[in-house]
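Computed over heavy atoms, backbone and side chain alike; hydrogens, waters and symmetry mates excluded. Just follow the structure's listing: the first ligand is 1, and inside any ligand the first atom is 1.
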Amino acid sequence: MRSEDPVHYCESGGYWILTRYRDVEVALRDERLSSDKKPLHINQLGSLDVKEIQNFLALTSKMISEKDPPEHTRMRKLANPGFTTRAIESWRSIIQNTTDRLLDRVQNHGGMDVVSDLSLPLPGFIIPEIMGVPETDRANLLEWAMDITLIFGTSGGSNIDIEELARKADKAAVKFSALIRQLVEQRRRQPGTDMISLLSVAYQEQGVNFEELPSVCIQILIAGLLTTTDMIANGVNALLSHPDQLQKLKKNPSLIDSAVEEMIRFDTSTPFFLRIAKQDLTIGGKEIAAGSVIALGFGAANHDPEKFEEPEVFDITRTPNEHLGFSSGIHFCLGAALARMELTICFTTLLRRLPNLSFDPDQQAIPTKHSMLLLKGFDSLPVKF
Ligand code: HEM
């Protein structure tokens with residue numbers, strides 16, 4: 001598609017898809033493209049009355065990733081204090097301890113499912129702890145966040161009952177917002193070093209209404225959980241499929257930073273992100289009407305031979321490696337530094353503790369088929385060690 005029809009209209013999905021690196025990069029800086037996907041979400045709800053999901057819409061339509069400037073600029077500035085290098089560094093031990101705890105559970109089993117034993121629980125334990133959510137509330141928080149996440153995105157699998165999911169998401173939105181409001185209230189009075197404290201202090205200092213904070217928190221969970229889950233599994237798959245690169249990394253663990261960048265370039269968990277055309281425009285000679293949905297193909301761009309030498313080669317020493325796995329421009333992943341730390345700690349620990357890691361020849365890996373969030377990963381990835 002990239003070489004024959006790089007600005008392609010997908011009839012069945014009713015959207016445009018960009019696959020060339022330079023088109024995607026330019027689109028990310030194009031102010032005529034909006035990140036406000038509310039019309040798309042409402043559209044996917046079929047005959048469901050919007051009034052039935054007011055709470056869900058109120059929560060998710062105030063997320064940073066759905067905003068355009070100047071609102072985006074304002075919200076992003078307010079969220080930044082939750083993601084400083086100092087803050088992320090202070091959470092390093094949470095990430096290391098969580099990784100070790102998960103591997104302790106399977107260390108003597110001789111095998112595991114990378115997804116259910118490691119990549120799914122890892123961010124699920126780390127992010128709520130980093131946020132400072134009390135242990136007793138974490139399971140509920142994750143359940144509500146998942147109910148909200150499932151409906152968020154474009155319609156995926158064909159036999160999914162979207163209306164039912166939407167109602168569930170609406171109920172979850174009420175409970176989620178109440179819990180976050182309660183935590184914000186506590187942290188305003190007694191701030192700690194957790195993310196909710198840092199965000200509450202930032203909002204207080206700027207004299208901004210705290211009502212927005214549940215949206216910031218659901219944004220962080222939606223953006224930070226399954227993306228990391230899928231990226232860990234994709235990274236394990238890439239390493240085990242390229243034994244020479246795995247050996248190289250084992251021999252020289254200091255290559256971990258560039259290895260993680262190559263895992264993201266080679267098989268990103270976020271191969272697409274959507275934008276909406278605010279006006280009629282032309283991309284690559286194709287006329288795109290106002291209101292059209294445009295899928296930015298980060299995954300395809302990351303394999304564009306015009307940008308990357310031998311793009312199909314998985315090379316953990318690749319430099320430079322200007323992949324778009326974390327996007328680019330104003331919506332560049334706010335959690336990139338945190339995600340990089342999670343991935344480097346996870347892979348370093350995995351290879352140190354399970355040096356004989358290999359695919360399990362007796363069990364099939366199951367790639368995810370329908371992702372409502374346009375994510376790419378695995379439902380199951382069995383390994384032996
Ligand atoms: C490997 C894991 C991750 C990947 C591949 C990833 C990828 C991305 C991408 C591609 C975007 C940009 C979307 C766009 O251009 O519209 C994004 C945005 C975002 N990400 Fe990540 N992400 C990851 C982990 C995280 C984590 C751990 C967090 C926070 C805990 C996070 C928080 C965010 C937020 C808040 C945004 C919205 C930024 C904005 O719109 O200004 N992400 N991420």
Side-chain angles (χ1 to χ4, degrees), residues 18 24-25 27-30 33-37 40 60 62-69 71-84 87-88 91 94-95 119 122-131 133 145 149 152-153 194-196 198-199 215-236 260-276 294-299 301-302 323-347 371 373-377:
L18 310 187
V24 174
E25 211 192 13
L28 284 168
R29 288 175 168 72
D30 192 333
L33 301 185
S34 172
S35 283
D36 180 0
K37 296 172 281 293
L40 197 64
T60 55
K62 277 185 268 152
M63 297 200 311
I64 304 169
S65 62
E66 295 287 296
K67 295 290 173 200
D68 296 327
E71 191 62 355
H72 175 266
T73 322
R74 180 189 72 76
M75 289 191 76
R76 177 106 185 185
K77 211 168 142 202
L78 280 162
N80 274 335
F83 291 89
T84 60
I88 292 169
W91 300 321
I94 296 179
I95 302 174
S119 70
L122 190 81
F125 285 141
I126 291 171
I127 308 282
E129 188 172 347
I130 280 176
M131 287 175 104
V133 177
T149 304
F152 194 80
D194 57 88
M195 200 184 265
I196 291 184
L198 298 176
L199 293 170
S215 300
V216 177
C217 290
I218 192 64
Q219 162 84 86
I220 290 166
L221 288 161
I222 289 180
L225 292 175
L226 294 178
T227 47
T228 311
T229 294
D230 285 337
M231 201 51 246
I232 293 171
N234 293 355
V236 170
V260 161
E261 294 311 306
E262 181 65 346
M263 291 175 206
I264 300 170
R265 182 199 71 83
F266 190 72
D267 195 9
T268 179
S269 55
T270 54
F272 296 107
F273 258 87
L274 303 181
R275 295 288 189 269
I276 312 277
I294 306 174
L296 309 183
F298 295 155
N302 286 344
H323 64 75
L324 294 175
F326 288 124
S327 187
S328 176
I330 60 167
H331 289 280
F332 178 78
C333 176
L334 182 58
L338 178 59
R340 283 177 166 132
M341 186 184 274
E342 289 182 77
L343 293 168
T344 48
I345 291 178
C346 175
F347 280 98
S371 166
L373 289 164
L374 302 176
L375 294 180
K376 179 175 186 290

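At a threshold of 4.5 Å between non-hydrogen side-chain atoms, the residues Leu28 and Arg275 count as touching. At a threshold of 4.5 Å between non-hydrogen side-chain atoms, the residues Leu78 and Val216 do not count as touching. By the 4.5 Å heavy-atom criterion applied to side chains, Leu334 and Asn80 are counted as neighbours. Side-chain contact check for Thr227 versus Leu375: some heavy-atom pair is nearer than 4.5 Å. Within the 4.5 Å cutoff, the side chain of Ser35 has heavy atoms near those of the His331 side chain. By the 4.5 Å heavy-atom criterion applied to side chains, Thr149 and Leu225 are not counted as neighbours.
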Exercise for review: For the pair Ile126 and Thr228, evaluate side-chain contact (heavy atoms from CB on, under 4.5 Å) and give the outcome as yes or no after the intermediate values.
Suggested key: CA-CA 11 Å; Ile126 291 171; Thr228 311; over 6 Å; no
Review point. Is there a side-chain contact (heavy atoms from CB on, under 4.5 Å) between Ser119 and Met231 once you walk through the steps?
Key: CA-CA 8 Å; Ser119 70; Met231 201 51 246; over 6 Å; no
Review point. Checking side-chain contact (heavy atoms from CB on, under 4.5 Å) for the pair Thr60/Glu66: CA distance, chi angles, key distance, verdict?
Key: CA-CA 8 Å; Thr60 55; Glu66 295 287 296; over 6 Å; no
Practice item. Would you please test Phe83 and Ile220 for side-chain contact (heavy atoms from CB on, under 4.5 Å) and show each step? Key: CA-CA 11 Å; Phe83 291 89; Ile220 290 166; 3.9 Å; yes
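The closest protein non-hydrogen atom to atom 30 (C) of ligand 1 is Ile220 CG2, 3.6 Å. Nearest protein heavy-atom neighbour of atom 26 (C) of ligand 1: Gly224 CA, 3.4 Å. In this structure, atom 33 (C) of ligand 1 lies nearest to the protein heavy atom Ala223 CB, 3.3 Å. Scanning the protein for heavy atoms near atom 40 (O) of ligand 1, the closest one is His331 ND1, 2.6 Å. Regarding atom 7 (C) of ligand 1, its nearest protein heavy-atom neighbour is Gly325 O, 3.5 Å. Regarding atom 37 (C) of ligand 1, its nearest protein heavy-atom neighbour is Ser65 CB, 4.0 Å. For atom 16 (O) of ligand 1, the nearest protein heavy atom (residue, atom name, distance) is Arg275 NH1, 2.9 Å.
The part of Met231 lying near ligand 1 is the side chain, judged by heavy-atom distances below 4.0 Å. Contact annotation: for Arg76 versus ligand 1, heavy atoms closer than 4.0 Å belong to the side chain alone.
Nearest to atom 4 (C) of ligand 1 by heavy-atom distance, out of Phe326, Phe273, Phe332, is Phe326. The option from Ile264, Leu334, Thr227 that lies nearest to atom 24 (C) of ligand 1, judged by heavy atoms, is Thr227. The heavy atom nearest to atom 31 (C) of ligand 1, out of those in Gly335, Gly82, Ala339, is found in Gly335. Among Ala336, Cys333, Ser327, the residue whose heavy atom lies nearest to atom 15 (O) of ligand 1 is Ser327.
Using the six-membered ring where Trp is involved, Phe326 and Phe332 have ring planes that are perpendicular, over 60° apart on the 30 and 60° scheme.
Residue contacts with ligand 1 include Glu342, since one of its heavy atoms falls under 4.0 Å from the ligand. Put simply, no part of Ser35 is less than 4.0 Å from ligand 1, judged by heavy atoms.
Close approach to Leu338 involves these atoms of ligand 1, each under 4.0 Å from a residue heavy atom: 30 (C). Close approach of ligand 1 to Ser269 (heavy-atom distance below 4.0 Å) involves ligand atoms 5 (C). Which parts of ligand 1 touch Ile127 is read off a 4.0 Å heavy-atom cut-off, strictly below it: atoms 30 (C). Atoms of ligand 1 lying under 4.0 Å from at least one heavy atom of Ile330, given by number and element, are 41 (O). Residue Thr270 approaches ligand 1 through these ligand atoms, each under 4.0 Å from one of its heavy atoms: 5 (C), 7 (C), 10 (C). If you number the atoms of ligand 1 from 1 as listed, the ones under 4.0 Å from a heavy atom of Phe83 come out as 29 (C). Of all the atoms in ligand 1, the ones that sit under 4.0 Å from a non-hydrogen atom of His72 are 39 (C), 40 (O), 41 (O).
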